[in-house]
Amino acid sequence: MIILGIETSCDETGLALYDSEKGIIGHVLNSQFKLHSKYGGVVPELASRDHTIKIIPLLDELLSKFNFDIKDIHLVAFTNGPGLMGPLLTGSAFAKTIAWTLGVRSIEINHLEAHIFSAMMTEPKLKPPFISLLVSGGHTFLSVIEEYDEYKIIGKTLDDSAGEVFDKIARQLGLGYPGGPEISKSATETNTTPFTFPRPMINSGDYNFSFSGLKTHVKNIIDKTKLTDKTVSQISHDFENAILDVLISKTLRAAKEFNIKNIVIVGGVSANKKLRSRFQNEKESASNVFFPDMQFSTDNGAMIAYLGWIKSKSNKTENLNINPQPSLNIN
Ligand code: KG4
Ligand code: ZN
């Protein structure tokens, strides 16, 4: 079965073809970061318009680049939430039009669920149960994934997501958008730092997170500091470590307490190289830590196509709606 995946929840237009027997055929992506960078965050109306302009040329590019005939698509999977209303509407209208024209089924996909299973696309050995840390621009939560449709959220951020705080502090430091990769790059420019920021809730005993206090604390320090290349990288260095310390400590503790061997880190922040290497170095020797292929950490159409394939095996009936704020348990 060949699945076309369509992702338009925020500022990335992602399209992909997935072959249930051979894996990913190919994917194409248009990231709008340049469009939004001068605002330091995503402007919803600009995002919707750009998805509308780019989506048809991107489908043409996908088909021609991978030499694929549109008539060979058997299923169209699209993100129906969570995300921004306008971008979601663009993707769902496009997906349903293609499905209707081809006479095939369309299937709505929860974006968070697609991130959670994204590591499995390139790790065929990986199966539930596993501990999942989802760290993106919109969400930060820890869950126990018992089965494909059986989740238990054990902790989540009480305020800002980790990605959002990376983006906001990068803006304060005069770095670009998205902030995660910028902070990370700046942090590698020094090995020492005089700054020591709080590690919020690291010893709270539960699995919840809170990053908004850290954001305010770092902002106050930035306001009192003369920003030079050196001080920006020193601030970035401890700020990145503060977030990573909390994420790593809580995730490894969850794996130990729930006695689950496999740990899967997904979402945009999982592209962070230091997070990847620290997880591998700090995990218990009996644990395995998995990440999506680097290109599938941030938003993409391949994870939507892949979950479309998994979901197509159930008899769930589709509805024609989008839902900008669905819960994780959409079934
Ligand atoms: O999953 P994603 O592409 O979109 C959402 O679903 O939100 O995540 C985007 C977030 C942004 O906040 C971005 O700053 C962060 O992922 N991010 C990173 C890195 N690459 C992207 N954060 C830290 N380090 C990175 N290398
Ligand atoms: Zn995402």
Side-chain angles (χ1 to χ4, degrees), residues 3-16 18 20 27 42 44 47 51 75-96 99 105-121 126-157 161 163-164 264-270 292 296-331:
I3 304 102
L4 169 67
I6 301 174
E7 158 60 31
T8 62
S9 65
C10 189
D11 59 345
E12 250 105 29
T13 321
L15 298 179
Y18 185 85
S20 58
H27 84 114
V42 178
H51 284 300
L75 175 74
V76 181
F78 66 96
T79 304
N80 81 325
L84 301 168
M85 184 68 122
L88 288 171
L89 269 171
T90 311
S92 71
F94 183 71
K96 283 168 201 163
R105 203 175 145 196
S106 66
I107 188 164
E108 69 270 20
I109 296 295
N110 180 310
H111 180 86
L112 302 177
E113 250 186 309
H115 272 304
I116 287 173
F117 295 107
S118 60
M120 288 166 48
M121 280 191 280
L126 176 61
K127 302 255 169 342
F130 55 80
I131 293 283
S132 159
L133 170 69
L134 190 152
V135 255
S136 71
H139 297 84
T140 295
F141 61 84
L142 263 169
S143 47
V144 177
I145 309 298
E146 303 278 8
E147 254 311 325
Y148 288 102
D149 274 342
E150 219 182 299
Y151 318 127
K152 186 160 66 187
I153 295 188
I154 55 171
K156 58 182 180 175
T157 182
S161 70
E164 187 180 347
V264 183
I265 323 293
V266 295
V269 180
S270 75
F296 302 132
S297 273
T298 44
D299 292 349
N300 65 86
M303 66 182 191
I304 306 300
Y306 175 74
L307 192 59
W309 152 240
I310 305 278
K311 294 269 164 183
S312 71
K313 296 183 222 166
S314 78
N315 288 325
K316 183 176 164 286
T317 51
E318 293 114 53
N319 69 58
L320 294 179
N321 300 324
I322 58 157
N323 180 357
Q325 288 181 314
S327 68
L328 190 55
N329 296 308
I330 56 169
N331 294 315

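- Of all heavy-atom pairs spanning Ser118 and Pro292, the tightest one is OG-CG, 3.5 Å.
- Side-chain contact between Ser9 and Leu84 is absent, with no heavy-atom pair separated by less than 4.5 Å.
- Residues forming a side chain to side chain contact (heavy atoms under 4.5 Å, CB included) with Ala114 (at least two apart in sequence, or on another chain): Ile109, Met303, Ile304, Leu307.
- With sequence neighbours excluded, no residue satisfies ring pair (Phe, Tyr, Trp, His ring centres under 6.0 Å) with Phe141.
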Assess whether side-chain contact (heavy atoms from CB on, under 4.5 Å) is satisfied between Leu88 and Asn80, documenting all intermediate values.
-> CA-CA 6 Å; Leu88 288 171; Asn80 81 325; 5.7 Å; no
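- Every residue was checked against the ring pair (Phe, Tyr, Trp, His ring centres under 6.0 Å) condition with Phe130, not counting sequence neighbours, and none meets it.
- Between the side chains of Thr13 and His51, a donor-acceptor pair is found at a separation under 3.5 Å.
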Using the side-chain contact (heavy atoms from CB on, under 4.5 Å) rule, take Ser106 and Phe78 through it: C-alpha gap first, then chi angles, then the decisive distance, then the call.
-> CA-CA 8 Å; Ser106 66; Phe78 66 96; 4.2 Å; yes
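- A donor-acceptor contact shorter than 3.5 Å links the side chain of Ser161 to the backbone of Gly137.
- When the side chain to side chain contact (heavy atoms under 4.5 Å, CB included) test is applied to Lys127, the partners found at least two apart in sequence or on another chain are Tyr148.
- Annotation: side chain to side chain contact (heavy atoms under 4.5 Å, CB included) contacts of Ser136 (sequence neighbours excluded): Leu134, His139.
- Using cut-offs of 30° and 60° on the angle between ring planes, the pair Tyr151 and Phe117 is tilted.
- Side-chain contact between Asn110 and Pro82 is present, with heavy atoms from C-beta onward closer than 4.5 Å.
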Apply side-chain contact (heavy atoms from CB on, under 4.5 Å) to the pair Ile153 and Leu142, showing each step before the final yes or no.
-> CA-CA 6 Å; Ile153 295 188; Leu142 263 169; over 6 Å; no
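- Between Val42 and Ala47 the shortest heavy-atom distance is CG1-CB, 4.1 Å.
- Taking 4.5 Å as the limit, some side-chain heavy atom of Val144 sits within range of a side-chain heavy atom of Ile131.
- For the atom pair CD1 (Ile116) and OG (Ser143), the distance works out to 4.5 Å, reported to the nearest 0.5 Å.
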Test log, rule side-chain contact (heavy atoms from CB on, under 4.5 Å), inputs Asp149 and Glu113 | CA-CA 9 Å; Asp149 274 342; Glu113 250 186 309; 4.0 Å; yes
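- When all heavy atoms are compared, the tightest approach of Gly268 to Thr298 is CA-CG2, 3.7 Å.
- For Tyr18 and His27, the distance between ring centers is not under 6.0 angstrom.
- In this structure, the salt bridge (charged side-chain N to carboxylate O under 4.0 Å, His left out) partners of Glu164, at least two apart in sequence or on a different chain, are Lys168.
- Between Ala77 and Gly308, the shortest heavy-atom distance links the atoms CB-CA, 3.8 Å.
- The cationic group of Lys313 lies under 6.0 Å from the six-membered ring centre of Trp309 and within 45° of the ring axis, placing it in a cation-pi geometry.
- Under the rule for a side chain to side chain donor-acceptor pair (under 3.5 Å), Thr140 has no partner lying at least two apart in sequence or in another chain.
- One finds no salt bridge joining Lys311 and Glu108 here, because no Lys/Arg side-chain nitrogen approaches an Asp/Glu carboxylate oxygen to under 4.0 Å.
- One distance of note links CG of Leu133 with CD1 of Ile154; it measures 9.5 Å at 0.5 Å rounding.
- For the pair Pro87 and Cys10, the minimum side-chain heavy-atom distance is 4.5 Å or more.
- With sequence neighbours excluded, the residues satisfying ring pair (Phe, Tyr, Trp, His ring centres under 6.0 Å) with His115 are His111.
- Note that CE of Met120 and CG of Leu126 are 5.5 Å apart. Values are rounded to the nearest 0.5 Å.
- Taking both residues in full, the closest heavy atoms of Ile107 and Ser312 are given as CD1-N, 3.9 Å, listed atom of the first, atom of the second, then distance.
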